[in-house]
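So the structure is just underneath, and the comments pick up after that.
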Amino acid sequence: MTLALRDPDLFRVDAYIGGEFVSSILRATVRDPATGDVIAEVARCGKFETRHAIEAADDALPAWRALPARKRADVLHKLAALMEEHVDDLALLLTSEQGKPLAESRGEVRYAASFLTWFAEEAPRVYGDTIPSPVSGTRLMVIPQPVGVCAAITPWNFPSAMITRKLGPALATGCTLVLKPAEATPLSALALAVLSQRAGVPPGVFNVVTGAANDASVIGAVLTSDPRVRKLSFTGSTEVGKLLLRQCASTVKKVSLELGGNAPFIVFDDADLSEAIRGAMTAKFRNAGQTCIAANRILVQDGVHDEFVSALRAEIDKLVVGPGTEPSVTMGPLLERNGFDKVASHVEDACSRGAELIVGGGAHDLGGTFFQPTLLTGVRHGMLMSSEETFGPVAGITRFTSEEEAITLANDTPAGLAAYFYARDVGRVVRVSEALDYGMVGANTGFVSTTVAPFGGMKESGLGREGSKFGIEDWIERKYVALAF
Ligand code: SIN
């Protein structure tokens, strides 16, 4: 299958190491989730290629870190501009490998480019400090320095933005990066490698090692054990994040983790219901529910429960399911069969334990991994869809009575990534914002993602923050220099 790209050079299938595209005999198959068709056979990297990439990143480090920050910023600006220029091609690649509607892919590519612009602007503002010394004849200074060679492992649900959220601060601070993109979605990463070459990112500063699902643990083991790698940034499941954290312990790397969520979405009696419906549709059905910050437990207070359910159903009925490349489509397929099976099992579990199916509930007529947008009521604590991330287009409603009950239910999970609530009473807005144990809280909004605010979780949802002025901190060491004269 050939993709109709305006710039066919953006379609690459080889790993990118030391500024060159490197082939391999073994290939990994990339499929279009909407059709199941093979769209690419990419290089399979193993230990050798991963070490080679680390070496390239290590070799490139001294010159890159020595560049004035403004020069690094110029390169990042160029890369962002190239992403904007090629937004249609990048969106087509993204939809073809991931499945989301083209409009969402275009939005993601622009969101991705915005991290490069943001961190280009932050690069010249990474300040140090001087500390008044308690001893005369001394000066105490704190100087920011790049962490060094870094590794990033990124997920398939946002194949472009989750890369640049790491690449931006890495390059801005003077670090070099070895990226392992998700095996299902390497094409966006490789197109970014092409654009990085054109933007003037020097060889070795950004490297991409691709592979099949079976290669992930091998590549991960090298990235987490090689002493030259000083930091790992990972976005993905909590289970894999914990494993990588353990592996990084042997060489005590800095670790940033953006892991799974189990977001509550609370609608209080005093909510603006039409806004709450709008927010729920975004928080639940964006990317077919395949986001870490998706509303996973929709908690609705008694007084507005029935009205909310019928209004949400009316909006769900408007969703147009189909291949993301069709302009009218608003919800694409799920990425893969495993995810589909998990979503189906959550619905079955809920229904077998007393939940009521309002609409949807299983495979869509289109077949493959298309899942019907689904609404259930009577979802209770303890059902699978309350305790695990469903990662699919299933809205499960739980009824509650009091504010205290909602907060207790909302916080009763080891996850702590995003939470949402709708209320108009100012006192309640403040109380609930402060009581939710989550890294990000949407108060009267179902959308919290933005380049300029810190993205990250509490509890088992992760370590560190990405984006915003805080996102730079994880990529620098603050060295203290005591100077006597
Ligand atoms: C996610 O991590 O799944 C969401 C990413 C975003 O919205 O920035």
Side-chain angles (χ1 to χ4, degrees), residues 83 91 94 98-101 103-119 152-169 179 181-182 184-185 188-189 233-241 244 256-265 279-296 331-332 334-336 339 342-343 388-394 415-420 438-442 445-468 470-471 474:
M83 290 188 79
L94 204 163
Q98 200 275 340
K100 65 179 69 170
E104 278 189 43
S105 293
R106 271 190 213 98
E108 180 181 339
V109 172
R110 296 212 156 95
Y111 180 46
S114 77
F115 285 107
L116 303 175
T117 304
W118 174 267
F119 285 107
I153 302 180
T154 52
W156 51 259
N157 59 344
F158 289 88
S160 185
M162 296 306 100
I163 296 175
T164 56
R165 199 147 79 179
K166 303 177 194 306
L167 181 67
L179 167 71
T185 58
S188 296
S233 178
F234 169 72
T235 297
S237 75
T238 308
E239 190 193 347
V240 174
L244 293 170
S256 302
L257 301 173
E258 197 254 278
L259 308 178
N262 180 1
F265 184 103
M281 290 302 293
T282 305
K284 182 68 254 183
F285 293 100
R286 178 169 75 111
N287 201 10
Q290 301 169 112
T291 76
C292 305
I293 56 172
N296 203 52
M331 200 185 97
L334 295 175
L335 180 92
E336 56 190 6
K342 181 178 186 191
V343 176
E388 292 175 12
E389 255 183 319
T390 300
F391 235 61
V394 178
L417 192 59
Y420 310 87
Y438 288 85
M440 295 171 283
V441 175
T445 175
F447 191 70
V448 291
S449 303
T450 160
T451 319
V452 305
F455 194 103
M458 295 182 183
K459 292 158 75 178
E460 292 190 15
S461 286
L463 299 171
R465 293 293 180 268
E466 294 190 313
S468 82
F470 303 103
D474 280 355

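All heavy atoms count here, side chains included; hydrogens, waters and symmetry mates do not. All values derive from a computational prediction rather than experimental measurement. All ligand and atom numbering here is 1-based and tracks the order in the structure.
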Task: Side chain to side chain, Glu466 and Phe115, heavy atoms closer than 4.5 Å - done: no
TODO: Side-chain contact test, heavy atoms from C-beta onward, threshold under 4.5 Å: evaluate it for Met83 versus Thr164 and give yes or no.
DONE: yes
Considering only protein heavy atoms, which is closest to [atom], and at what distance to one decimal place?
atom: atom 4 (C) of ligand 1; answer: Phe158 CE1, 3.6 Å
atom: atom 2 (O) of ligand 1; answer: Glu258 OE1, 3.2 Å
atom: atom 8 (O) of ligand 1; answer: Tyr111 OH, 2.6 Å
atom: atom 5 (C) of ligand 1; answer: Met162 CE, 3.7 Å
atom: atom 1 (C) of ligand 1; answer: Cys292 N, 3.5 Å

Quick one: does ligand 1 sit under 4.0 Å from the side chain of [X], the backbone, both or neither, non-hydrogen atoms only?
X: Arg286; value: side chain
X: Ser449; value: side chain
X: Asn157; value: side chain

Open item on the list: Quick check: Thr291 and ligand 1, any N/O pair under 3.5 Å apart?
Closed with: no
Open item on the list: Can you confirm, on distance only, whether ligand 1 has an N/O atom lying under 3.5 Å from any N/O atom belonging to Thr235?
Closed with: no
TODO: Tell me, please: is Arg165 in heavy-atom contact with ligand 1, that is, under 4.0 Å?
DONE: yes
- [ ] Please round to the nearest 0.5 Å and tell me the distance separating atom CD of Glu108 and atom OG of Ser449.
- [x] 10.5 Å
- [ ] For the residue pair Lys166 and Ser256, confirm or rule out a side-chain donor-acceptor distance under 3.5 Å.
- [x] no
Open item on the list: Does the plane of the ring in Phe265 sit parallel, tilted or perpendicular to the ring in Tyr420? Use 30° and 60° as the thresholds.
Closed with: tilted
Open item on the list: For a quick test of reading the model, state the closest non-hydrogen atom pair linking Ile293 to Arg286 and the distance between them.
Closed with: CD1-NH2, 3.5 Å
- [ ] Check step by step if side chain to side chain contact (heavy atoms under 4.5 Å, CB included) holds for Thr291 and Phe158.
- [x] CA-CA 8 Å; Thr291 76; Phe158 289 88; 3.7 Å; yes
TODO: Please step through side chain to side chain contact (heavy atoms under 4.5 Å, CB included) for the pair Leu417 and Met440, ending with a clear verdict.
DONE: CA-CA 6 Å; Leu417 192 59; Met440 295 171 283; 3.7 Å; yes
